[in-house]
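First the structure, in the form of structure tokens, and then the observations on it.
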4 protein chains.
Amino acid sequence: MAKLQKSIDKRNALIKATIELVNNNGFHATPMSKIAKMANVSPATIYLYFENKQDLVNQTYIEVKTEYSEYAFATYNNDMSVDEGFEIIWKRIADFKLNDSENAMFLAQCDNTPIIDEPSLQEGIKHLQPLLDLWKRGKEEGIIKPISDYLLYAYAINPLSFLMMTQKRSAFKLDETHIEAAYQVAWDSIKVNK
Amino acid sequence: MAKLQKSIDKRNALIKATIELVNNNGFHATPMSKIAKMANVSPATIYLYFENKQDLVNQTYIEVKTEYSEYAFATYNNDMSVDEGFEIIWKRIADFKLNDSENAMFLAQCDNTPIIDEPSLQEGIKHLQPLLDLWKRGKEEGIIKPISDYLLYAYAINPLSFLMMTQKRSAFKLDETHIEAAYQVAWDSIKVNK
Amino acid sequence: MAKLQKSIDKRNALIKATIELVNNNGFHATPMSKIAKMANVSPATIYLYFENKQDLVNQTYIEVKTEYSEYAFATYNNDMSVDEGFEIIWKRIADFKLNDSENAMFLAQCDNTPIIDEPSLQEGIKHLQPLLDLWKRGKEEGIIKPISDYLLYAYAINPLSFLMMTQKRSAFKLDETHIEAAYQVAWDSIKVNK
Amino acid sequence: MAKLQKSIDKRNALIKATIELVNNNGFHATPMSKIAKMANVSPATIYLYFENKQDLVNQTYIEVKTEYSEYAFATYNNDMSVDEGFEIIWKRIADFKLNDSENAMFLAQCDNTPIIDEPSLQEGIKHLQPLLDLWKRGKEEGIIKPISDYLLYAYAINPLSFLMMTQKRSAFKLDETHIEAAYQVAWDSIKVNK
DNA sequence: TATGAATGAGTCTTCATTCAT
DNA sequence: CATGAATGAAGACTCATTCAT
């Protein structure tokens, strides 16, 4: 038991180190040796937990993506109305992106870069199913615009990634009122105007 | 004249090669030697035009960013009304992002990655001034929501980057009606609802 | 234990190879790859023992300089009279320079060239202290000329470097009688004439 | 005439640049391009005057060596007595080594390094003939010790190189009295003691 | 399981040299 | 004569990965 825990700890340390280093330096300029050092293990040890560097970064991506979606849907359930559900999910996502920015930045980098291989990207997408289901319901009920899910995501969710990035880069900080405003814009952009 | 032209051609070939290779393989996994080969020059020749790899990618970024904004504002002028102006700019940007996707992808990768250094990023941002001016005017006239420019950009412009990316990755293709719909969503999200 | 020894052996092999190659080809024209090959290791292995090429050559210099002075003073002790002590030291130095010419040549090249950095040169000088002490004593006793240590070194010791060099280059060979003659000249040149 | 002069000027500029750069950086770390820049010519121009880098440095060596010996023997003639002649030559050499230290350093580096090829070294040695002749005469007259010319050179002349080097490196400066003292040591070391 | 040492393959960059003008 | 542009070859150094322990 103690041994297993130690293993898990090491794996987590490696994944954490990968995120931090890739965020700050990019995938290039993040050698395995540095990851090992930051995780307090030998370079060789990495290969006990991951097949190679690609596998390490793939698994890190899936791990973070999973954490992300679990957080997003943690307080949501199918019984909620569409608008209530959307608000809950959206605000959880906003919370994740803007406060857990280490993880969010890592996802942004992976999603705009060819460092993650296709299968892992697909694997990561799966987790968003509840949101797509909600939208399907919303469209059926005439509450949400009958447009491509891609468009809905582009306008309702993705702006949060951009805001997280600018928040990280510039002095700009999103406070509570900003977020409420942002939510309104997001909802306005996808809800059907009566 | 002929000599100067040849020089310019070579520099352009190098920049073009950089974009294509970085798009497909990432900054890492894009060796100078491959860039040279694709541009039909010797590796050593790159260093006649650029100080080093970082400089090459910085300058490529600025070049593309400039091209992007020139395209965006080419048909716009200050005499236009706010909504007319916005529509014109937005559609030019959409056109650029969705059709000149090589360039757009490159920008997306640079903007979500630490491969470009800070000064060059700043340099690239400058070019968007006309859009910020338009928004200022729109806010004064009560046409555009009185919210942070960052929010406006996040909702009105940035989704196009996401759509470009998914279009590149999946089979999903944005046709004319999609774009018109997207434009409506964009405009809805930033205009003041009367 | 065995592992440590192996490490030391490798380091020594690298230093030996450096000396031989730099002697024959100069610092330029001595690529790391050749040093590695001669030491029977991979080029990358050099960097486990030395920071970079400069560090390798610096450390080699200090190593050889240390060996040189240890040899020079091995049979000397402070109880000896000034003239006895000088003869003993001088002959040890002559022995080193003329017989261990690989090491001596390396030092000559380093001392007449900007390949070693200043700190390492300083480090190397330290070891000659016993000789300077002897001269101080000699001057106090009125046995050795009251002139700058630099002059004493220039006339008493440095000629051996020149002789080593010509011996290496030309057919000229210093035999026992030569050396005795040389010693007499050296001693004549620094002792006080009564 | 003007054209020829211009050519000579360029050649001289190249040689001067070579000396300065090799002195400060060593033969390695002295690229042709830097030499060209310092001499205010194009890299390609070097090859109009010299076959290649080796040839450039060889010819520079011979040039400097010639200048050195011409200076050494300029005020000497065969009618002088041995001791007068030696003093005159020695002091000219001292003057050259200690005051024209750029040139002297260059020679020191060449003489302790494998950067000059054998033929050029031989070529450089020739010029010392008058000194060897003087010594021959001195030995015949019983004024100078009947020992190898190499030993004579090692003790009478070579120390000046060492002194030049330390003067360049440390704060130590040889003034008039030092030089007179040095001359006495030199002469003491090779003259026959009566 | 864990590791430090070792390395082959590759990367960026430099440089002596050439050549078209 | 003179040159700036161009380059092939080579060099220092790094790094993902392996292996003996």
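Treat the numbers as computed from the prediction; the structure is a model and nothing was measured. Just so it is clear: chains get the letters A, B, ... in the order the sequence lines come, proteins before strands, and each one is counted from 1.
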OP1 or OP2 of F:dA6 versus the side-chain N and O atoms of B:Ser42: is any pair under 4.0 Å?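 B:Ser42 to F:dA6 OP1/OP2: no side-chain N or O under 4.0 Å.
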Can you check whether A:Lys10 has a side-chain N or O nearer than 4.0 Å to OP1 or OP2 of E:dA2? yes
What is the distance, rounded to the nearest whole Å, between atom [atom1] of [X] and atom [atom2] of [N]?
X       : N      : atom1 : atom2 : answer
A:Asn25 : F:dT14 : CG    : P     : 15 Å
B:Ile35 : E:dT11 : CD1   : C1'   : 12 Å
D:Lys53 : E:dT17 : NZ    : P     : 8 Å
D:Asn52 : E:dT18 : CG    : P     : 8 Å
B:Gln5  : F:dG4  : CD    : P     : 21 Å
A:His28 : F:dA16 : NE2   : C1'   : 16 Å
A:Phe50 : F:dA16 : CZ    : P     : 15 Å
B:Leu14 : F:dA5  : CG    : P     : 15 Å

Counter-base of E:dG8, judged by Watson-Crick or G-U geometry with both distances under 3.5 Å: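 In the structure as shown, E:dG8 has F:dC15 as its Watson-Crick or wobble partner.
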Counterpart base for E:dT21, defined by Watson-Crick or G-U wobble contacts under 3.5 Å: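 Partner of E:dT21: F:dA2.
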Can you list every salt bridge (charged side-chain N to carboxylate O under 4.0 Å, His left out) pair that touches residues 8-24 of chain C, not counting sequence neighbours? C:Arg11-C:Glu63
Mind checking if B:Tyr49 touches a base, just sugar-phosphate, or nothing, with heavy atoms under 4.0 Å?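 Contact class for B:Tyr49: sugar-phosphate only.
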On DNA chain F, nearest-nucleotide positions of B:Ala44 versus A:Tyr47: which is more 5'?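 So the residue in question is B:Ala44.
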C:Ser33 vs A:Gln54, nearer the 5' end of DNA chain F by closest nucleotide: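 Result: C:Ser33.
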Side-chain (B:Asn23) to main-chain (B:Phe106) donor-acceptor, under 3.5 angstrom: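 Yes; judged by distance alone, with no hydrogens or angles, the pair exists.
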Check: B:Asp117 main-chain N/O paired with B:Asn58 side-chain donor or acceptor under 3.5 Å: yes
Please tell me which of A:Thr45 and D:Met32 maps to the more 5' nucleotide of DNA chain E, matching each residue to the nucleotide holding its nearest heavy atom.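 Final value for this comparison: A:Thr45.
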Assign each of C:Val41 and B:Ala29 to its nearest nucleotide of DNA chain E by heavy atoms, then name whichever residue's nucleotide is nearer the 5' end. C:Val41
Between E:dT14, E:dA16, E:dA2, which one does the side chain of A:Leu48 approach most closely? E:dA2
Closest nucleotide among F:dC15, E:dT3, E:dT17 to the D:Pro43 side chain: E:dT17
Per the side chain to side chain contact (heavy atoms under 4.5 Å, CB included) rule, which among C:Leu56, C:Val22, C:Leu107, C:Thr18 passes with C:Tyr61?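 Running side chain to side chain contact (heavy atoms under 4.5 Å, CB included) over C:Leu56, C:Val22, C:Leu107, C:Thr18 with C:Tyr61 returns exactly one hit, C:Leu107.
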If we only count heavy atoms from C-beta on, is the A:Thr30 to B:His28 side-chain gap below 4.5 Å? no
